[in-house]
2 protein chains.
Amino acid sequence: MPLDRIDVKILRALQSEGRLSNADLAERVNVSAATCHRRTQRLFEEGYVSGVRAVIAPRSVDLGTLVMVGVVLDRSTPESFAAFESAVVAMKEILDCNLVAGDFDYLLKIRVRDMADFNTLHGQRLITLPGVRQTRTFFVMKEVKDNGPLAF
Amino acid sequence: MPLDRIDVKILRALQSEGRLSNADLAERVNVSAATCHRRTQRLFEEGYVSGVRAVIAPRSVDLGTLVMVGVVLDRSTPESFAAFESAVVAMKEILDCNLVAGDFDYLLKIRVRDMADFNTLHGQRLITLPGVRQTRTFFVMKEVKDNGPLAF
DNA sequence: CCAAACATGAAAGGATCTTTCATCATGCCC
DNA sequence: GGGCATGATGAAAGATCCTTTCATGTTTGG
């Protein structure tokens, strides 16, 4: 059930190159293709790997502007949080949404085409989300690191 | 040079299932395997897809605690920012780092095992980063959405 | 010490990849 | 319009890869 040294090597390899062929992966990890295949299959089935995703260059699909938004809700009731969260899940522009402890209730990470797009989004759909009292916007001027790999 | 309907379908498919075989992908997109292969290769070579990554369940590798941190620097000089940024890039626990406009200079997204781990990290390595004047920590209590797919 | 349970690598048939090639569509210049 | 160049397409085929089977080796627990 726990991860041994080979499992960890497979996970690390697939985290950086998710489309590695089983043959290449086996060679990198120094096991036979059959063993590598079984190991990898297990890692997927048991949920160590929740998926494999192509990373698409945001600018190439007209989503070059990144914005972080802190949100404070009106009331701190379970219903209020639930309503806000399900509305957030339905908004495709919101990439991350986390309930946090601190000055905000939620922190959002949003991708849009440009500032004009964000302005529309903010005015027409963000501040009208259920229970939103106030928002604070942080425009991202430079992406130093975006979605870095897990180090384990 | 621009993306046509088929390219977009390929990108969307690979974003949700990065390990799709070329044969399956071709079927989904309704082109021959040869064409699909060439299209996909082009999308990688021309940078529309910057990589493919396995998404590893954070808890399974003992990184179940997510923390957001706002950082304010001492001075706002280019040297100060550069020094901070290169130190950040070297820290594997920091998944995201963005230079923002607003109450903070930077917003960080950090993954660690638990709060005790974060406390050590914060006290010994975060506040000692070059030029850091103050930090504000937001512990994540619930991950509503994490690294959602780009919608295009 | 033995037996059961499990993990491993070689092997092989079946599926897939990747290139080649002939064909067809498109745009462009005369 | 005619002719030509450019580029995209699908079929085909050899090379590669996947995935299962099986015999062997290794660990576990009694």
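In what follows, chains are A, B, ... by sequence order, proteins preceding strands, each numbered from 1. Only heavy atoms go into these numbers, but all of them, side chains included; no hydrogens, no water, no symmetry mates.
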_Residue pairs fulfilling side-chain hydrogen bond (donor to acceptor under 3.5 Å, both in side chains) with at least one residue in residues 59-74 of chain A, sequence neighbours excluded_ = none

*So how far is it from A:L11 CG to A:L150 CG, rounded to the nearest 0.5 Å?*
10.0 Å

_Could you report the tightest heavy-atom contact between B:T128 and B:G123, atom names first, then the distance?_
CG2-O, 4.2 Å

*What is the distance from CG of A:N30 to P of C:dT8, rounded to the nearest Å?*
13 Å

*Report the distance from atom CG of B:L99 to atom CZ of A:F138, rounding to the nearest 0.5 Å.*
12.5 Å

*Just say parallel, tilted or perpendicular for the rings of A:Y106 and A:F84, cut-offs at 30° and 60°.*
tilted

*Closest contact, heavy atoms only, B:D7 versus B:L43*: O-CD1, 4.0 Å

*asked:* Please report the distance, rounded to the nearest Å, between CG in A:L25 and P in C:dG9.
replied: 13 Å

_Without decimals, in angstroms, what is the distance between B:R28 CZ and C:dT16 P?_
14 Å

_Presence of B:T35 side-chain N/O under 4.0 Å of D:dA8 phosphate oxygens OP1/OP2_ = no

*asked:* Side chain of B:R39 only, heavy atoms from C-beta on: which candidate in C:dT8, D:dT9, C:dG9 is closest?
replied: D:dT9

Can you give me the N/O atom pairs linking the protein to nucleotides 17-21 of chain D at distances under 3.5 Å, or say none if there are none?
residue : atom : partner : partner atom : Å
D:dC18  : OP1  : A:N22   : N            : 2.6
D:dC18  : OP2  : A:N22   : N            : 3.4
D:dC18  : OP2  : A:A23   : N            : 2.8
D:dT19  : OP2  : A:H37   : NE2          : 2.8
D:dT19  : O5'  : A:H37   : NE2          : 3.4

